[in-house]
Amino acid sequence: MTERITTHQAEDDPRNAAILIHVDGRLVPRAEAVVSVYDSGFMLGDGVWEGLRLHDGRWSFLDEHLDRLFEAAKALDLEIGRSRDEIVTALEETRRANRMETDAHARLMVTRGVKVRPFQHPSLSRSGPTFVIIMEHSRPSLPRPVRLATVPHIRGLPMSQDPKLNSHSKLNCVLACIAAEKAGADEALMLDVHGFVNTTNACNFFIVRGGEVWTSTGDYCMKGITRGKVIEICRAAGIPVFEKNFSLVEAYGADEAFLTGTFGAQTPVSEIDGRPIGDGRMGPVTARIRQAYKDLVAR
């Protein structure tokens with residue numbers, strides 16, 4: 001069987017053993033970067049997060065990431081306790097302390113904070129938010145395109161847990177990923193409540209058919225920042241792009257398929273449910289978009 005991989009697979013970097021992590025205003029060694037067992041994020045998954053990429057000393061699309069973070073926190077009625085400028089300062093202090101200039105990934109996390117008792121009600125979180133930045137040297141390293149398997153877990157309706165939220169609670173996606181691995185795939189392809197192709201457990205999903213680029217409507221998935229940039233790139237380059245409903249039948253018959261995300265940018269897909277996509281390699285439209293995205297990040 002082909003070796004299993006993940007969409008967040010990176011080169012091993014020994015420097016990550018000695019990274020400093022930002023925990024509530026302090027920079028501490030990795031082994032000492034801990035939060036309370038009473039923390040809302042640990043206990044209930046009550047928090048929001050963002051993933052960012054560092055390129056040549058700058059955080060790519062930082063404003064969009066901060067917009068999404070503050071919007072999610074408002075939806076959760078969670079007080080971040082820091083201004084945008086203060087968050088940028090914390091990112092930069094952590095980056096400089098770890099001597100990072102490029103090929104780094106930051107996971108910025110905010111929870112409702114430490115509870116006074118181990119129960120659900122948010123009023124029990126009385127010590128203010130917990131604010132953490134994990135920053136690693138991280139160069140993506142995928143030995144081959146990824147294989148997807150459709151799973152029974154769906155991205156649901158916004159009145160249950162809105163899939164647009166980048167919340168700490170990812171159990172639905174974790175279970176989807178486990179189901180895909182049990183089926184021999186690398187990542188799960190998830191449908192929406194109507195049975196249309198939606199997203200994967202960790203990334204947004206695109207197909208290419210007859211020179212057209214298709215992705216889901218965005219009604220039931222995270223409206224990823226990289227996803228949005230790909231749509232902008234296609235429009236600027238004259239590549240027909242559509243946010244629309246489409247079925248597994250149409251996905252199986254695609255000429256190309258790829259995933260998008262902050263970590264891996266554009267990741268080619270070789271097969272879905274055992275059906276090969278194209279010739280199983282990165283297709284020409286995907287390659288064109290990937291190069292245009294690299295140029296955009298560099299600018």
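- No side-chain heavy atom of H55 sits less than 4.5 Å from a side-chain heavy atom of K294.
- Using a 4.5 Å cut-off on side-chain heavy atoms (C-beta onward), E50 and N166 make contact.
- Nearest heavy-atom pair, L191 versus N198, reported as atom, atom and distance to 0.1 Å: C-CB, 3.8 Å.
- Across T102 and D56, no two heavy atoms sit closer than the pair OG1-N, 3.1 Å.
- The hydrophobic cluster around F119 extends to V116, L124, counting ILVMFWY residues whose side-chain heavy atoms fall within less than 4.5 Å of a member.
- Sorted by first and then second residue, the salt bridge (Lys or Arg N to Asp or Glu O under 4.0 Å) pairs with a member in residues 207-224 form an empty list; sequence neighbours excluded.
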Only distances under 3.5 Å count here; give the side-chain donor-acceptor pairs of residues 168-182 to other protein atoms, sequence neighbours excluded, each with its distance to 0.1 Å.
residue	atom	partner	partner atom	Å
H168	NE2	V48	O	3.3
N172	ND2	I154	O	2.8

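- Within the hydrophobic cluster formed by Ile, Leu, Val, Met, Phe, Trp and Tyr side chains joined at under 4.5 Å, directly or through other members, V230 is accompanied by F206, V208, V213, I231, I239, V241, F258, V285, I289.
- Open room surrounds CZ on F42; 12 or fewer heavy atoms of other groups in view lie less than 6.0 Å from it.
- Contact record, A251 with I207: CA-CD1, 4.2 Å, taken as the closest heavy-atom pair.
- Summarising the geometry of D255 relative to G211, their closest heavy-atom pair is OD2-N, 4.5 Å, with the distance given to 0.1 Å.
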Item checked: Test salt bridge (charged side-chain N to carboxylate O under 4.0 Å, His left out) applied to D192 and R155, step by step -> CA-CA 5 Å; D192 68 20; R155 292 296 182 102; over 6 Å; no

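- Around CD of E11, the count of heavy atoms belonging to other residues, nucleotides or ligands within 6.0 Å exceeds 12.
- The side chain to side chain donor-acceptor pair (under 3.5 Å) test applied to T226 returns no partner, not counting sequence neighbours.
- Atom CZ of R58 has 12 or fewer neighbouring heavy atoms from other residues, nucleotides or ligands inside a 6.0 Å radius.
- Taking each heavy atom of I233 and A292 in turn, the nearest pair found is CG2-CB, 3.5 Å.
- Using a 4.5 Å cut-off on side-chain heavy atoms (C-beta onward), E93 and T89 make contact.
- Just one of D12, D13, D103 meets the salt bridge (charged side-chain N to carboxylate O under 4.0 Å, His left out) condition when paired with R139; it is D103.
- Salt-bridge annotation for D46 and K115: absent, with no side-chain N of the basic residue lying under 4.0 Å from a carboxylate O of the acidic one.
- M190 belongs to a hydrophobic cluster whose remaining members, ordered by chain and number, are V151; membership requires side-chain heavy atoms of ILVMFWY residues under 4.5 Å apart, directly or through intermediates.
- A salt bridge links R95 to E101: at least one charged side-chain nitrogen sits closer than 4.0 Å to a carboxylate oxygen.
- Checked for salt-bridge contact, R112 and D77 miss the test: no charged N lies under 4.0 Å from a carboxylate O.
- Using a 30° and 60° split on the angle between ring planes, F263 and H8 fall in the tilted class, from 30° to 60°.
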Next item on the list: Tell me, with the steps shown, if T7 and T267 meet side-chain hydrogen bond (donor to acceptor under 3.5 Å, both in side chains).
Entry: CA-CA 8 Å; T7 53; T267 302; over 6 Å; no

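- Checked for salt-bridge contact, K164 and E71 miss the test: no charged N lies under 4.0 Å from a carboxylate O.
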